[in-house]
Student: 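Before anything else, here's the structure in question.
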Amino acid sequence: MNFRKYLVLAGVTVFAVAGDSMLSHGMKQVGAISLHHLQSVFLAVANPWVALGILFLLGFFAAYTNALSWADLTYVMPATALGYVLLALVARFVLHEHISPLRWIGIVLITAGVGFVAGGPALTEHPLGEAAKLAEKAHADAVPSGVES
């Protein structure tokens, strides 16, 4: 893994935490909305905190899809688990929400689970991938150098 890939994973975490926090803060200001009254949905999106939260969540989605383009889901999901810890800390100390001890235990268990999978490779080698590499090598060996096929 290079620095850019670590940056993408950090972006996934930071964008998700920031987006969820801003969305929560904005929706507390807006209050309850109903899909039966679409005007309330549009008014909610007009709230600056909600709009900013949506933009950050779009950034999360872009970084997340980028990460999935070069790593397995079983690697990307645990790598983003730090977001659960950060989100709980933001909810507790910035949004002043109560977090029960049972939720803290759940967050600790999720974080501990990350340790079990963090040592694995970013991309699992698939048999098809190996076959494609062998075919490419065989093709390169069969074609004289300097000649395009």
Side-chain angles (χ1 to χ4, degrees), residues 1-137 139 148-149:
M1 286 243 312
N2 59 29
F3 179 72
R4 183 181 91 50
K5 290 181 179 180
Y6 282 116
L7 200 58
V8 168
L9 289 176
V12 169
T13 301
V14 169
F15 286 138
V17 170
D20 287 338
S21 301
M22 290 177 193
L23 198 59
S24 175
H25 180 71
M27 289 308 297
K28 286 177 183 168
Q29 290 178 346
V30 170
I33 62 171
S34 171
L35 292 178
H36 295 11
H37 300 96
L38 286 179
Q39 183 181 10
S40 65
V41 175
F42 292 118
L43 288 174
V45 174
N47 178 291
W49 288 106
V50 172
L52 206 54
I54 291 170
L55 287 176
F56 271 90
L57 289 173
L58 286 171
F60 155 77
F61 185 71
Y64 186 67
T65 54
N66 181 288
L68 288 175
S69 73
W70 48 261
D72 290 336
L73 179 64
T74 55
Y75 180 83
V76 176
M77 283 301 295
T80 63
L82 175 62
Y84 291 112
V85 176
L86 295 177
L87 192 56
L89 293 172
V90 168
R92 174 66 184 100
F93 297 109
V94 177
L95 299 176
H96 307 290
E97 295 179 358
H98 172 74
I99 301 175
S100 71
L102 190 59
R103 286 190 184 178
W104 282 116
I105 290 170
I107 292 166
V108 168
L109 287 174
I110 290 169
T111 306
V114 170
F116 291 114
V117 295
L123 182 64
T124 305
E125 290 294 328
H126 299 284
L128 181 59
E130 288 298 318
K133 287 179 188 174
L134 289 174
E136 184 177 297
K137 184 178 179 330
H139 176 71
E148 293 284 326
S149 60

Student: Would you mind listing every side chain to side chain donor-acceptor pair (under 3.5 Å) that reaches into residues 10-21, with sequence neighbours excluded?
Tutor: none
Student: Give every residue pair that meets the side chain to side chain donor-acceptor pair (under 3.5 Å) criterion with at least one member in residues 33-46, sequence neighbours excluded.
Tutor: none
Student: So which atom in Asn66 and which in Ser69 form the shortest heavy-atom distance, rounded to 0.1 Å?
Tutor: O-OG, 2.5 Å
Student: Which of these, Leu58, Ile54, Leu52, sits in a side-chain contact (heavy atoms from CB on, under 4.5 Å) with Phe56?
Tutor: Leu52
Student: I need the minimum non-hydrogen distance between Ser24 and Leu95, along with the two atoms involved.
Tutor: OG-CD1, 4.0 Å
Student: Restricting to side chain to side chain donor-acceptor pair (under 3.5 Å), what partner residues turn up for Asn47, sequence neighbours left out?
Tutor: Gln29
Student: Which pair of non-hydrogen atoms, one from Ile107 and one from Ala88, has the smallest distance, and what is that distance?
Tutor: CD1-CB, 3.3 Å
Student: Go through the steps for Met22 and Leu55 under the test side-chain contact (heavy atoms from CB on, under 4.5 Å), then give the verdict.
Tutor: CA-CA 10 Å; Met22 290 177 193; Leu55 287 176; over 6 Å; no
Student: If a pair satisfies salt bridge (Lys or Arg N to Asp or Glu O under 4.0 Å) and one of its residues is in residues 5-19, list it, with sequence neighbours excluded.
Tutor: none
Student: Determine which pairs satisfy salt bridge (Lys or Arg N to Asp or Glu O under 4.0 Å) with at least one residue from residues 47-60, sequence neighbours left out, and list them in order.
Tutor: none
Student: Listing request: all side chain to side chain donor-acceptor pair (under 3.5 Å) pairs with a residue in residues 78-87, at least two apart in sequence or in separate chains.
Tutor: none
Student: Search all heavy atoms of Phe15 against all heavy atoms of Ala63 and return the closest pair with its distance.
Tutor: CD1-CB, 4.5 Å
Student: For a 4.5 angstrom cut-off between non-hydrogen side-chain atoms, does Val30 reach Ile33?
Tutor: yes
Student: Kindly state each residue pair satisfying salt bridge (Lys or Arg N to Asp or Glu O under 4.0 Å) with at least one member in residues 57-70, sequence neighbours excluded.
Tutor: none
Student: Filter on side chain to side chain donor-acceptor pair (under 3.5 Å), then keep only pairs touching residues 103-116, sequence neighbours left out; what's left?
Tutor: none
Student: Go through it in stages, so that I can follow the logic: the residues are Val90 and His25, the test is side-chain contact (heavy atoms from CB on, under 4.5 Å), and I'd like the CA-CA distance, side-chain angles, deciding distance and then a yes or no.
Tutor: CA-CA 11 Å; Val90 168; His25 180 71; over 6 Å; no
Student: Got a sec: does the CG of Leu35 have more than 12 other heavy atoms crowding it under 6.0 Å?
Tutor: no
Student: Within this structure, what is the CG-CD1 distance for the pair Leu87 and Ile99, rounded to the nearest 0.5 Å?
Tutor: 8.0 Å
Student: Show your working on side-chain contact (heavy atoms from CB on, under 4.5 Å) between Leu57 and Leu23 and close with a plain yes or no.
Tutor: CA-CA 9 Å; Leu57 289 173; Leu23 198 59; 3.8 Å; yes
Student: Going by the salt bridge (Lys or Arg N to Asp or Glu O under 4.0 Å) test, which pairs reach into residues 50-59, not counting sequence neighbours?
Tutor: none
Student: If the condition is side chain to side chain donor-acceptor pair (under 3.5 Å), which residues does Lys28 pass it with, not counting sequence neighbours?
Tutor: Glu97
Student: Could you list the residues that satisfy side-chain contact (heavy atoms from CB on, under 4.5 Å) with Leu73, not counting sequence neighbours?
Tutor: Tyr64, Leu68, Met77
Student: Is there a side-chain contact between Trp70 and Val8 (heavy atoms, below 4.5 Å)?
Tutor: yes
